[in-house]
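Reading through the structure tokens given below for one structure.
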Amino acid sequence: MKLVFLGPPGAGKGTLADLYARKYGAKHFSTGDILRAEIAAGTALGEEARALVEAGRLVPQRLLGQVVANRLQGVGAFILDGYPRTLEQAEFLAHNPAIAPDAAVFVAVPEDVAVQRLLSRLVCEGCGAITNVADIRDGDDCRECGGKLVTRADDETETIKRRYEVYITETAPVVAYYRAGGDLLEIDGTGKPPAVLARLEAALKAFRPAAHDNG
Ligand code: ADP
């Protein structure tokens, strides 16, 4: 299945996408991860994106659209996490049959829960694995690859606020867009990752995309 994951910053899209992709053999693409890798590698895209990502602003579609299309081309089952974030991006996917999603998954969490997750999040510099300060001991390294665990440059209070504002103005309409098309699955993103995964599995089982219904 081709899925896009939507939700506010801190909803747990990345963690959930990773769990689902491992279990079902889908490919997981995160535009945030792609952009951070480009920034770390100092590519032309990374240089253009750096200040925007660090300020919690959106990277323009003219920079991102083709990158996303190239990655998804020919991939039968994918989860795209962090894209689309604007109506322009949603329409870009919809107009490219090879990469158009079968459904959008909206991971819902209250703002205070999401902000608390972001403030206590650590990511591995090496493999991008996500963890939380509550789940590790001081000085621990990444359990997946032994890499160093760091706080993301955009996980500080002011930038989190900006990302939330951007989410409300730019991305909430994308949720409405998929809902109106009958292609939206809404799941409760609170609680531990395995519980959220179970909700996603149940929702997918019950789901029949309206657009693909033959009556
Ligand atoms: P989160 O969902 O926790 O806010 P992400 O890792 O998905 O974080 O994204 C981090 C940053 O990367 C965003 O704040 C934005 O600057 C940039 N970004 C990611 N995806 C997109 C996108 N689809 N369009 C524009 N900018 C994006």
Side-chain angles (χ1 to χ4, degrees), residues 3-18 21 28-41 43 45-72 78-94 96 99-101 104-125 127-132 150-175 177-178 189 193 196:
L3 298 174
V4 295
F5 277 21
L6 312 171
K13 302 180 293 288
T15 303
L16 180 63
D18 211 42
H28 173 198
F29 299 94
S30 150
T31 44
D33 286 349
I34 291 170
L35 288 168
R36 282 184 288 277
E38 297 277 337
I39 292 169
T43 63
L45 167 60
E47 287 309 310
E48 282 207 66
R50 182 190 303 273
L52 293 166
V53 170
E54 289 180 1
R57 297 180 186 279
L58 292 185
V59 173
Q61 165 67 0
R62 74 177 162 81
L63 293 179
L64 206 49
Q66 207 47 50
V67 175
V68 169
N70 290 345
R71 300 273 179 130
L72 298 182
F78 64 71
I79 298 176
L80 182 54
D81 140 31
Y83 191 105
R85 262 176 156 88
T86 62
L87 286 174
E88 182 190 17
Q89 294 180 356
E91 274 162 7
F92 175 74
L93 293 181
N96 279 277
I99 59 171
V105 175
F106 173 47
V107 186
V109 288
E111 181 169 346
D112 57 334
V113 174
V115 169
Q116 199 42 53
R117 285 179 179 173
L118 294 174
L119 289 172
S120 58
R121 170 162 75 180
L122 293 170
V123 292
C124 172
E125 261 184 350
C127 70
I130 302 164
T131 175
N132 189 287
V150 296
T151 299
R152 250 170 61 174
D154 57 349
D155 279 350
E156 54 84 31
T157 311
E158 276 311 301
T159 314
I160 290 171
K161 240 171 102 184
R162 161 74 41 70
R163 283 156 62 202
Y164 242 93
E165 286 163 11
V166 171
Y167 169 75
I168 302 283
T169 55
E170 302 287 341
T171 312
V174 177
V175 176
Y177 168 94
Y178 286 113
V196 185

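These figures come from a predicted structure and were not determined experimentally. As the structure lists them, so they are numbered: ligands from 1, and atoms in each ligand from 1. Numbering of residues begins at 1 and proceeds along the displayed sequence.
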Side chains of Asp112 and Gln116, donor plus acceptor under 3.5 Å: no
Pull out every atom of ligand 1 sitting under 4.0 Å from any heavy atom of Asp154, numbered as shown with elements. 10 (C)
May I ask you to check if ligand 1 and Arg152 share an N or O to N or O distance below 3.5 Å? yes
Would Thr86 and Glu170 count as a side-chain hydrogen bond (donor to acceptor under 3.5 Å, both in side chains) here? Give the steps. CA-CA 5 Å; Thr86 62; Glu170 302 287 341; 5.6 Å; no
shortest atom 18 (N) of ligand 1-to-protein heavy-atom contact is with Leu35 CD1, 3.5 Å
Ligand 1-proximal atoms of Arg121, by part, heavy-atom distance under 4.0 Å: side chain
Should Asp155 and Arg163 count as an ion pair when the cut-off is N to O under 4.0 Å? yes
Distance filter under 4.0 Å to Leu64 heavy atoms, resulting ligand 1 atoms: 21 (C), 22 (C), 23 (N), 24 (N), 25 (C)
Would you say Arg85 and ligand 1 have an N/O pair spaced under 3.5 Å apart? yes
Interatomic spacing from CD in Gln61 to CG in Leu87 - rounded to 0.5 Å: 11.5 Å
Which of the ligand 1 atoms, numbered from 1, are nearer than 4.0 Å to a heavy atom of Arg57: 15 (C), 16 (O)
For atom 3 (O) of ligand 1, what is the nearest protein heavy atom, given as residue, atom name and distance? Arg163 NH2, 2.8 Å
Atoms of ligand 1 less than 4.0 Å from Arg36 heavy atoms? 6 (O), 10 (C)
Does Glu170 come within less than 4.0 angstrom of ligand 1, counting non-hydrogen atoms of the residue? no
Enumerated ligand 1 atoms positioned under 4.0 Å from heavy atoms of Thr31: 19 (C), 20 (N), 21 (C), 23 (N)
Around atom CZ of Arg57, are there more than 12 heavy atoms of other residues, nucleotides or ligands at under 6.0 Å? no
Approximate separation, where rounding is to 0.5 Å, of Leu80 CG and Phe5 CZ: 10.0 Å
Gln89: numbered ligand 1 atoms lying under 4.0 Å from its heavy atoms: 22 (C), 23 (N), 24 (N), 25 (C)
Which residue holds the protein heavy atom closest to atom 11 (C) of ligand 1, what is that atom called, and what is the gap in Å? Val53 CG1, 4.0 Å
Short N or O distance, Pro9 and ligand 1, threshold 3.5 Å exclusive: no
Give the atoms of ligand 1, by number and element, whose distance to some non-hydrogen atom of Tyr83 is under 4.0 Å. 23 (N)
Would one find an N or O of Asp33, backbone or side chain, under 3.5 Å from an N or O of ligand 1? no
Are any of the N or O atoms of Asp81 closer than 3.5 Å to those of ligand 1? no
Any donor and acceptor pair, going by atom type alone, linking the side chain of Arg71 with main-chain N or O of Ile34 inside 3.5 Å? no
Short question: side chain of Lys13, backbone of Gly7 - any donor-acceptor pair under 3.5 Å? yes
Does Lys13 reach ligand 1, in the sense of a heavy atom lying below 4.0 Å from it? yes
